[in-house]
Amino acid sequence: MTTPYPFTALVGQDDLRLALLLNAVSPAVGGVLVRGEKGTAKSTAVRALSALLPQVPVVAGCRFSCDPAAPDPACPDGPHDAGGASVRDARMVELPVGASEDRLVGALDIERALAEGVKAFEPGLLADAHRGILYVDEVNLLHDHLVDLLLDAAAMGASYVEREGVSVRHAARFLLVGTMNPEEGELRPQLLDRFGLTVEVAASRETDQRVEVVRRRLAYDDDADGFAARWHDEESAVRARIVAARALLPHVRLGDGALRQIAATCAAFEVDGMRADIVMARTATALAAWAGREDVLAEDVRQAALLALPHRRRRNPFDAPGLDEDKLDDTLEQASDGDQGDDDPDPDGPGGGGGGKPPESGPDTPGSPESQSDAGQEDEASPAQAPAAGGGEQQPVRAAEPFRTKMLSVPGLGEGAAGRRSRARTEHGRTTGARRPQGALTKLHLAATVQAAAPHQRARGRSGRGLVVRRDDLRQATREGREGNLVLFVVDASGSMAARQRMSAVKGAVLSLLLDAYQRRDKVGLVTFRGADAEVALPPTSSVDAAAARLESLPTGGRTPVAAGLLKAHEVLRVERLRDPARRPLVVVVTDGRATGGVEPVAQAGRAARLFGAAGIASVVVDCESGPVRLGLAGQLAGELGGTAVTLDELRAESIAGLVKDVQGTRMRSVA
């Protein structure tokens, strides 16, 4: 077995080490989510922690790690006798992102069921992780069906398996540790809230510290055992301190003053529910025990807030995690003074609820004089005036408030990566039938297999309880679930779109669709066109945050090369199809349809659009044309694409799923 990198040899990353140690002292804190860029020792730190955990007493021979002092009365391997205890090292069980449901929760032992005719349960990773660490690297890429199972186990402290005639319940209390790179996409809010603490990590920018990191890593790679031996004393000291802190933990007093500070802090930062208060209380208590104190101090509450609240105060996926430390200090001070702060005047003035700053007046603010002036001069521009109106580059404007969109899906039945959008044949989901396996068997349909084998038992000479099964009897389960799609935005950033109110509304609409894509586990991409060409502002990615950031900084101005934008999008889809052929795309074109620039710009746009229609790519055109005179050019473009057009107002009210169905219907009518 490879010698793990010593925990005490880690350089820097103080918050990460503290969060992990606090969970080692008090597993009830609820685990750690480590967010940060690649190459910042996230996985190294987690794997090193397991070597510091005290050994675990278990019932000898119990596959579910029952505590001999208090064995689980419902343990599938029970009931347990009073004796037979043993001690083993604490386990760190790693859950691969691509693990199957059976591997996580356990399943019927198929071999014994078929060979011996008995129902036997084979434990999964949740059973292995009981009273230890369950580690998920790249937890944000975990499939939704596994996330749901983790949520259930984390909430109940037990795993329930009801499948294939097996009904099993076993304890599953573990320290959940996840690492993720936010650039690859965010985590579902439900799972995010299950992590007690969160830590942001980044590589040091100090030269001396970086040199020390490299020096230690090279020394470890050259001689792992020798390097670990040099840190043995430090490791032993930390291990002893964890044991002492665990012993002290039940005696730590959490006074009413500290509780008031905790409640006031959670209320001030408007976190949802009461889990944050409970986690803060447990974290503050663990901090006091780690420091060797029996009383929780204000500094413990402050540190607990910095670790427990950042990931809980996010109101939407595009809010940056973190806390305003000045606001935190003010809240703690007011809470320590009792109710004296209640008489302070409202800093926002009458009617200033919400605790935020009033919106600043400026050229980007809808309704400001500058905004109205821009709208009056540019929003009603005629086609002949459009090139002149957008001749120069305009500064980026802020997006309008996003709104909730309805279901957006691609018609038909796909076979893409698991997600929450379009119907698809998947490895997970509800079972819809059975078929003969094509290649290796991955999901056995037990009932169909038994049914296929049953008529041949006498001819095969069956004599015992076991069923005689041959290769031809095996049946693969067919399942239907949901897939994630590639939503490719093609956004017109030309001068004809540059009116501030209009562009603000356009960005708000795209931001709303990005929020929907985040919730449905899609990949997103962003192509923009203006001036003389188009560019890929964001290649297809799972990071919706990155798409929102690129959208926010999008400048406008110049002519409207619609054909260039469509051709660039077509090229992006061609390359992405080679990388991920199973993921189906949906193209969302955001434009007023006024193609300008170059030779025969309207005809070129039509030819480019017909490429999408010929390939059967689902598309929606968001028509941004406004003013009393409307030419309907976006609708014509949608017809060439084989899709449908919807105005910005209709985008709020209409079901996007219905729009895509219209696309399918339009395509069928055109074929007919």
Any heavy-atom pair between the side chains of [Y] and [X] that's under 4.5 Å?
X: Leu513; Y: Phe489; value: yes
X: Val177; Y: Leu134; value: no
X: Phe529; Y: Val562; value: yes
X: Glu94; Y: Asp137; value: yes
X: Arg584; Y: Leu486; value: no
X: His445; Y: Arg435; value: no
X: Glu535; Y: Val527; value: no
X: Asp193; Y: Arg312; value: yes

Using 0.5 Å steps for rounding, measure from the [atom1] atom of [X] to the [atom2] atom of [Y].
X: Thr40; Y: Arg35; atom1: OG1; atom2: CZ; answer: 12.0 Å
X: Ser159; Y: Leu104; atom1: OG; atom2: CG; answer: 7.0 Å
X: Arg574; Y: Leu567; atom1: CZ; atom2: CG; answer: 12.5 Å

Nearest heavy-atom neighbours spanning [X] and [Y]:
X: Gly593; Y: Leu633; result: O-CB, 3.4 Å
X: Ile617; Y: Pro585; result: CG2-CG, 4.0 Å
X: Ala645; Y: Ala634; result: CB-O, 4.2 Å
X: Asp623; Y: Asp592; result: OD1-CA, 4.2 Å
X: Glu37; Y: Ala203; result: OE2-N, 3.0 Å
X: Arg594; Y: Thr560; result: O-CB, 3.0 Å

If we ignore hydrogens and angles and just use 3.5 Å, is the side chain of [X] paired with the main-chain N or O of [Y] as donor and acceptor?
X: Ser422; Y: Glu483; answer: no
X: Glu200; Y: Gly36; answer: no
X: Thr198; Y: Leu33; answer: yes
X: Asn485; Y: Asp522; answer: no
X: Ser512; Y: Gly508; answer: yes
X: Thr478; Y: Gly433; answer: yes
X: Lys507; Y: Leu554; answer: yes
X: Lys523; Y: Val487; answer: no
X: His311; Y: Val199; answer: no

Verdict with supporting geometry, Leu526 and Val536, side chain to side chain contact (heavy atoms under 4.5 Å, CB included): CA-CA 6 Å; Leu526 179 62; Val536 181; over 6 Å; no
With ring pair (Phe, Tyr, Trp, His ring centres under 6.0 Å) as the rule and sequence neighbours excluded, what pairs involving residues 561-585 come up?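 Pairs touching residues 561-585 that pass the test: His570-Phe612.
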What verdict does the side chain to side chain contact (heavy atoms under 4.5 Å, CB included) test give for Leu611 and Leu566, after you've listed the backbone C-alpha separation in whole Å, the side-chain angles of each residue and the deciding distance to 0.1 Å? CA-CA 9 Å; Leu611 294 174; Leu566 293 177; over 6 Å; no
Do Glu480 and Arg423 sit within salt-bridge range, that is, some charged N less than 4.0 Å from a carboxylate O?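 A salt bridge is present here (some side-chain N lies under 4.0 Å from a carboxylate O).
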Check this for me: does any side-chain nitrogen of one of Arg579 and Glu576 sit under 4.0 Å from a carboxylate oxygen of the other?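 Salt bridge between Arg579 and Glu576, a charged N being under 4.0 Å from a carboxylate O: yes.
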Near Glu600 CD, under 6.0 Å, is it more than 12 heavy atoms from other residues, nucleotides or ligands?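 No, the 6.0 Å shell around CD holds no more than 12 heavy atoms from other groups.
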Given Val524, Leu515, Leu551, the one that forms side-chain contact (heavy atoms from CB on, under 4.5 Å) with Val510: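 So the option named by the test is Leu551.
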Carefully, step by step, assess Val139 and Leu176 under the rule side chain to side chain contact (heavy atoms under 4.5 Å, CB included). CA-CA 11 Å; Val139 65; Leu176 181 61; over 6 Å; no
How far apart are the C-alpha atoms of Lys568 and Glu571, what are their side-chain angles, what is the distance that settles it, and do they pass the salt bridge (Lys or Arg N to Asp or Glu O under 4.0 Å) test? CA-CA 5 Å; Lys568 182 69 71 174; Glu571 176 64 15; over 6 Å; no
For side chain to side chain contact (heavy atoms under 4.5 Å, CB included), just list the numbers for Leu150 and Leu95, CA-CA rounded to whole Å, side-chain angles, deciding distance to a tenth of an Å, and then say yes or no. CA-CA 11 Å; Leu150 274 182; Leu95 172 61; 4.1 Å; yes
